[in-house]
J.: 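I'd like to ask some things about the structure below.
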Amino acid sequence: TSLAVVLSARDEESLERLKEATLAELHRWEGASGRGMSFQNAGIFLRLTPFNGKALEAGYRSLLFSQNVADLFPLLGPWPHSVSTLPSAAPSKPLGALETEILIPFSSPLLRMHTPHGTLAQLELSGDTSNLGMAVLGSSGSGKTFLTQSIVAAFAGDADITVVDQKRDYQTLVNLLGGSTVALEPGGVSVNIFDLPEGEHEPDDAHRLFLRAMLRALSGEDSSGETRTFENALLEEAVTALYRVRALRGGVAQTPMTDFVRTLGDLNDVGGQPLTVEMRKTAASLAFKLSSACDTSSIGRMLDAPSSVDLSHRVLYFDASSLKEDPTLKRIGMLLVSYLLWKRTKTAPRGRLKLAVLEEFGVFAQLPEARDFAAQLFKLGRAYRLHPLAVSQELEDLEAVRGILNNVSLYFLGQLSKGQAQGVCSLIGLDPSLADTVSHLARGQYLTVRRTALGALEGEVLELLSSPLHYQTFTSTPQEVAARE
């Protein structure tokens, strides 16, 4: 591995000072040496350019520790290599594999990692798996956000990236990527949840599933059993009636939630059967609860107006920090982002790579209909090249989202308590003895587990490797964030 530096200065004296300072910096790398040359040695410089296939005279070669080589990796974007470097099943392989003969140029999102033996390893984020879902699970302070930002950076340039964040930890990275920020708050954004893609006149099954989840979240969780089943039937009948009326009227609804509440209140039958007096009371009660999402209420400003979100940006960042103190708004906000992600995924070219980061994923466990819709998002993976990434520290909720985790093929398990580690190992299907390993992980270390296309689980403990630039860009420690800004 080699590094060439071209220096330019206004005069010879400045150039000499610059050369001395550069050589001093190069000699700080243990095991490295620097050589100063003039422009007459341009041929040597050209031979040092990466991937040109030229050999360099032995007199100019020197050994360099792999740690220093890793510092030269690009901060953003996939790492170009050949198809022959793709792993077959194991989640990591020695970095030396990148030196194999190039057959077909290929770019893949990779993470730089260290093995427990101190060797450098590459972790491919889209290997031989049946699903593209990923999950980062760990307690507070285990390094989840740093890892997740590293994953986002690995996808940058080649992928449509969507991030939803409640702590504003990703703002620096999004700015670096030239992304668009959407303030997910009443008055900051509005979303017509009844919108349809151009040319369609009624929602598909996934959209209906989302509408049911959102309407249940808005109407409260004070019903169960047969009552809940009947309420769901009323809501679905009202959804069908709304689109039937819209098809007759034409145009875009300016107050979509108000229109829906009015349609629900005017229902006369469900499934062709007339409503009884009690059924009408139930419909009226639901309509009353949903009226809180109409007009100029805090939720109404988000839902009872035409959509204002531009989904065309390659990097889209939903800042949900203003919702984190309100459980209801938080749940509604996460559902809205999931809907917009689903819509963004469905309308983008299928062949385009996509990454969706869902922080605080445990919020989906609080609502059965939300779990169903989130599962649909994870199932979109292979068909749409979507890599959904769930991030959570609310491990008590993971059992409730088991159906979602069944669509995850790459797990990063950060430090957990012994009890939490035992629960996660049981949930994923890992050997119980690994719970002790997970509970003793240091910050930045992860038990990395990949589920192969054949269903086998393979993995090892890896540590995320970061250069000083990498660390300062992604750190979320308050003092270091303040220094960076």
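The analysis underlying the following values was restricted to heavy atoms, covering all of them including side chains, and did not include hydrogens, waters or symmetry mates. Numbering of residues begins at 1 and proceeds along the displayed sequence.
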J.: Can you find a side-chain donor-acceptor pair between Ser322 and Glu185 that sits under 3.5 Å?
T.: yes
J.: Is the distance between the ring centroids of His387 and Phe155 under 6.0 Å?
T.: yes
J.: Yes or no on side-chain hydrogen bond (donor to acceptor under 3.5 Å, both in side chains) for Thr162 and Arg344, after CA distance, side-chain angles and deciding distance?
T.: CA-CA 9 Å; Thr162 308; Arg344 177 171 158 90; 2.9 Å; yes
J.: Is it the case that Thr181 and Gln171 place a side-chain donor and acceptor less than 3.5 Å from each other?
T.: yes
J.: Indicate yes or no for a side-chain donor-acceptor contact from Ser426 to the backbone of Gln422 under 3.5 Å, with no hydrogens or angles considered.
T.: no
J.: Will you find, in the side chains of Gln420 and Ser417, an N or O donor that is under 3.5 Å from an N or O acceptor?
T.: yes
J.: Before accepting this row, confirm whether a basic side-chain N of the pair Lys346/Asp204 lies closer than 4.0 Å to the acidic partner's carboxylate O.
T.: yes
J.: Counting heavy atoms not belonging to Asp310, are there more than 12 under 6.0 Å from its CG?
T.: yes
J.: Looking at every heavy atom in both Glu237 and Asp269, which two are closest together, and how far apart are they?
T.: CG-O, 3.5 Å
J.: How far apart are the C-alpha atoms of Phe194 and Phe260, what are their side-chain angles, what is the distance that settles it, and do they pass the side-chain contact (heavy atoms from CB on, under 4.5 Å) test?
T.: CA-CA 9 Å; Phe194 300 99; Phe260 177 78; 3.7 Å; yes
J.: Would you please indicate if the ring centroids of Tyr339 and His207 are separated by under 6.0 Å?
T.: yes
J.: So, the side chain of Ser291 versus the backbone of Phe288: is there a donor-acceptor pair under 3.5 Å, distance only?
T.: yes
J.: Okay, side chain of Ser321, backbone of Arg168: is any donor-acceptor separation there less than 3.5 Å?
T.: no
J.: Where do Cys294 and Val261 come nearest, in terms of heavy atoms and distance?
T.: SG-CG2, 3.7 Å
J.: How close do Pro256 and Ala305 get, counting heavy atoms only, and between which atoms?
T.: CD-N, 3.6 Å
J.: Answer yes or no: is there an ion pair linking Glu202 with Arg244, defined by an N-O contact shorter than 4.0 Å?
T.: no
J.: Mark yes or no for whether Tyr170, through its side chain, and Val164, through its backbone, hold a donor-acceptor pair below 3.5 Å.
T.: no
J.: Scan side-chain atoms only and decide if Arg443 and Ser142 contain a donor-acceptor pair under the 3.5 Å cut-off.
T.: no
J.: Are the charged groups of Glu236 and Arg208 less than 4.0 angstrom apart, N to O?
T.: no
J.: Say whether, by atom type as modelled, one donor and one acceptor occur between the side chain of Ser292 and the main chain of Lys289 under 3.5 angstrom.
T.: yes
J.: Is the backbone of Lys281 close enough, under 3.5 Å, to the side chain of Ser285 for a donor and an acceptor to pair up by distance?
T.: no
J.: Given 3.5 Å as the limit, does a donor-acceptor pair link the side chain of Gln149 with the main chain of Phe146, or not?
T.: no
J.: State, to 0.1 Å, how close Leu386 and Leu377 come at their nearest heavy-atom pair, and which atoms those are.
T.: CD2-O, 3.7 Å
J.: Does a side-chain N-to-carboxylate-O contact under 4.0 Å join Lys354 and Asp160?
T.: no
J.: Before giving the answer on ring-ring contact (aromatic ring centres under 6.0 Å, His included), spell out for Tyr411 and Tyr446 the whole-Å C-alpha distance, their side-chain angles and the decisive distance to 0.1 Å.
T.: CA-CA 9 Å; Tyr411 294 90; Tyr446 305 90; over 10 Å; no
J.: Tell me the closest heavy-atom pair linking Lys144 and Leu137, and the distance in Å.
T.: CD-C, 4.2 Å
J.: Report the C-alpha distance between Val270 and Leu275 in whole Å, list the side-chain angles of each, state the deciding distance to 0.1 Å, and finish with yes or no for side-chain contact (heavy atoms from CB on, under 4.5 Å).
T.: CA-CA 7 Å; Val270 173; Leu275 296 183; 3.5 Å; yes
J.: Tell me, with the steps shown, if Leu464 and Tyr471 meet side-chain contact (heavy atoms from CB on, under 4.5 Å).
T.: CA-CA 10 Å; Leu464 187 62; Tyr471 180 80; over 6 Å; no
J.: Within the side chain of Thr263, is there an N or O that forms a donor-acceptor pair under 3.5 Å with the backbone of Ala241?
T.: no
J.: Does the Asp165 side chain pair with the main chain of Lys167, one donor and one acceptor, at a distance under 3.5 Å?
T.: yes
J.: Checking Asn192 against Ser307 for the side-chain hydrogen bond (donor to acceptor under 3.5 Å, both in side chains) test, could you report, in this order, the C-alpha distance in whole Å, the side-chain angles of both residues, the deciding distance, and whether it holds?
T.: CA-CA 5 Å; Asn192 179 357; Ser307 294; 5.4 Å; no
J.: Kindly indicate, with the supporting measurements, whether the criterion side-chain contact (heavy atoms from CB on, under 4.5 Å) is fulfilled by Ile193 and Leu335.
T.: CA-CA 10 Å; Ile193 62 175; Leu335 279 169; over 6 Å; no
J.: Should Gln415 and Ser439 be marked as a side-chain hydrogen bond (donor to acceptor under 3.5 Å, both in side chains) after you check the CA-CA gap, both sets of side-chain angles, and the distance that decides it?
T.: CA-CA 5 Å; Gln415 186 183 51; Ser439 65; over 6 Å; no
J.: Answer with yes or no whether the side chains of Thr258 and Asp304 bring together a donor and an acceptor at under 3.5 Å.
T.: yes
